[in-house]
Amino acid sequence: MSAETQQRGKDPKDSIIRMDRLCNLSREKSYDHYELFDWPETVDEKSFLMSPQLLSVAETSFVDELTHEQMVKLSHYEQYNYSSLNTHGERELIIDVIDRMHTPKYEIFTEYMHHLVEEENAHLWFFAQFCKRYGVLYQPKKIVLPSSFPDDVNDFLVFARLMIFEEIVVYFNKVMSTDPCLPKIVRDINRTHFVDESRHIAFGRDIVGVLYHCINFSSHGDEKEMRLNISNYIKAYINGMLRLFYPLHAYTDAGIPDPYEFRSKLMKSPQRHGFHQKIVSKQVAFFLKRDILMEESLNTGETIGVL
Amino acid sequence: MQMQKISKLENWLTENTEFKSGSDENLDLIDSGILTSLQLMEFILFLEHLSGQAVDLDRSTMDKLRTINLISANYLQDADTKEVAL
């Protein structure tokens, strides 16, 4: 971390201690991802591939409208969507992290970043393997526009996005890692991911706090307006992430009639809002505690978890 | 038919972005900040639903989505209009 960052940021000693501990944990837990899993030839088409309570139809009237066979089929394609999201999410993360390693601002984080990249590369590999062996690896519908935020805000947002994404998928990991109705390979993949991601989230929470503290607001015009813009972005990003769990392509592949309308109805379903708010509650509390999410932002425009 | 689709497109933009109904159809939706990175995925899904055709994502896609007129010309032309144009 540069002297300038140290002056404006928190005491870096805490981060140094935490990064050292995370590096040790990563070394202790290291594994060969190519040899870790026993990949079955096939997955049973008649069994759920994603936990029913995690499906996008859970707690809605569609559970009663769809047949058991349709639910099972939907669980397969929602699992491929979930695994594809992880694949592409990890890929984009690695690119952003490597882009910052061994630069002065990230000096105290770089050693752990090596572990992060190594572990995310493993995740990227096994999620993609799962999709390709048994189903489909979906490609993201995404166009990235140039950011209108200054560089130090973008640095913060890179890791804020990482944290938001990881905290959502970890909720899914935790449920699927112990669900006896899922194939062993699904439980094993999710357990492995869950254990690794708990360290990545600890890293994310540390670096996000530091980088927000490092933003030089006085050089970016109206400070309150910039803080509000960041808060609004975080809010929109969380909702954007939640929408990815309503995969139109998966509904189409699962044979759902009029998949666009189906998706629209599901996302607007009030029964789903509670679920959304439950899976993002920890990160919302984290951002609120640090005044990154501002009450002023929460009280206007879209509501977190209401899509 | 094409006019109906344009009207639906404008309604979507009005409901989901800062787009104001009756805005210039040559208004740059991206440079003006009306369509952001976070909204583009939803917008593309809606456009695919409206047009009945897949929106291929490549380097040129962004420029095809910049204005309502460009979106209309690239994705919302009626089949018979396309034949005449060809």
Side-chain angles (χ1 to χ4, degrees), chain A residues 81 84-85 88-89 92 138-149 154 157-158 160-161 164-165 225 229-253 256-268 300-302 304 306-307, chain B residues 1 4-21 26-76:
Chain A
N81 175 66
S84 299
L85 288 177
H88 296 297
E92 289 166 12
Y138 290 118
Q139 296 301 316
K141 282 274 181 198
K142 188 172 183 180
I143 299 177
V144 178
L145 302 176
S147 170
S148 58
F149 286 113
N154 279 327
L157 289 176
V158 161
R161 286 195 292 263
I164 290 166
F165 176 72
E225 188 181 339
N229 286 341
I230 292 172
S231 180
N232 286 335
Y233 179 92
I234 296 282
K235 194 170 73 161
Y237 190 79
I238 290 173
N239 279 354
M241 282 295 102
L242 292 171
R243 287 189 187 96
L244 296 177
F245 290 84
Y246 294 86
L248 187 61
H249 41 260
Y251 300 147
T252 304
D253 290 345
I256 302 287
D258 200 350
Y260 188 86
E261 277 305 308
F262 180 78
R263 177 175 186 265
S264 299
K265 284 179 183 170
L266 277 180
M267 288 199 302
K268 288 187 172 71
T300 54
E302 61 183 316
I304 290 177
V306 178
L307 307 182
Chain B
M1 191 67 172
Q4 280 181 359
K5 288 180 180 175
I6 293 170
S7 175
K8 286 181 180 175
L9 184 82
E10 289 184 345
N11 285 344
W12 189 95
L13 287 167
T14 307
E15 286 171 15
N16 294 282
T17 71
E18 301 293 315
F19 182 82
K20 300 276 189 295
S21 180
N26 287 313
L27 172 69
D28 192 315
L29 301 169
I30 292 169
D31 284 352
S32 63
I34 287 170
L35 279 178
T36 65
S37 291
L38 295 178
Q39 290 161 323
L40 267 171
M41 188 199 83
E42 284 300 313
F43 180 70
I44 289 168
L45 291 181
F46 173 75
L47 185 56
E48 288 185 335
H49 173 65
L50 187 65
S51 67
Q53 59 173 299
V55 174
D56 293 326
L57 300 183
D58 55 37
R59 286 169 189 270
S60 68
T61 308
M62 199 168 76
D63 288 331
K64 293 177 185 170
L65 299 173
R66 281 195 177 275
T67 70
I68 288 177
N69 275 340
L70 282 167
I71 295 166
S72 174
N74 286 297
Y75 299 106
L76 301 180

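Because the structure is predicted, anything quoted here is derived from the model rather than measured.
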Peer 1: Who passes side-chain hydrogen bond (donor to acceptor under 3.5 Å, both in side chains) against A/Asp258, sequence neighbours left out?
Peer 2: none
Peer 1: Quick check on A/Ile143 against chain B: is it the side chain, the backbone, both or neither that has a heavy atom closer than 4.5 Å?
Peer 2: both
Peer 1: Please look at B/Leu45 and chain A and tell me whether the side chain, the backbone, both or neither of the residue comes under 4.5 angstrom of a heavy atom of that chain.
Peer 2: both
Peer 1: Are A/Gln139 and B/Leu57 close enough that some pair of their side-chain heavy atoms sits under 4.5 Å apart?
Peer 2: no
Peer 1: Select one option (side chain, backbone, both, neither) describing which atoms of A/Pro140 are under 4.5 Å from chain B's heavy atoms.
Peer 2: backbone
Peer 1: Against chain A, work out which of B/Glu48, B/Met62, B/Glu42, B/Gln39 has the most heavy-atom pairs shorter than 4.5 Å and name it.
Peer 2: B/Glu42
Peer 1: Just checking heavy atoms, which of residues 27-35 of chain B are less than 4.5 Å from chain A?
Peer 2: B/Ile30, B/Leu35
Peer 1: Would you call the rings of A/Tyr260 and B/His49 parallel, tilted or perpendicular, where under 30° means parallel and over 60° means perpendicular?
Peer 2: parallel
Peer 1: Checking heavy atoms, do the side chain of A/Lys141, its backbone, both or neither come under 4.5 Å from chain B?
Peer 2: both
Peer 1: Treating B/Ser37 as the side-chain partner and A/Leu145 as the backbone partner, does any N or O pair qualify as donor plus acceptor under 3.5 Å?
Peer 2: yes
Peer 1: Counting only heavy atoms not in A/Lys265, do more than 12 sit closer than 6.0 Å to its NZ atom?
Peer 2: no
Peer 1: Under a 4.5 Å cut-off applied to non-hydrogen side-chain atoms, are B/Leu38 and A/Tyr233 in contact?
Peer 2: yes
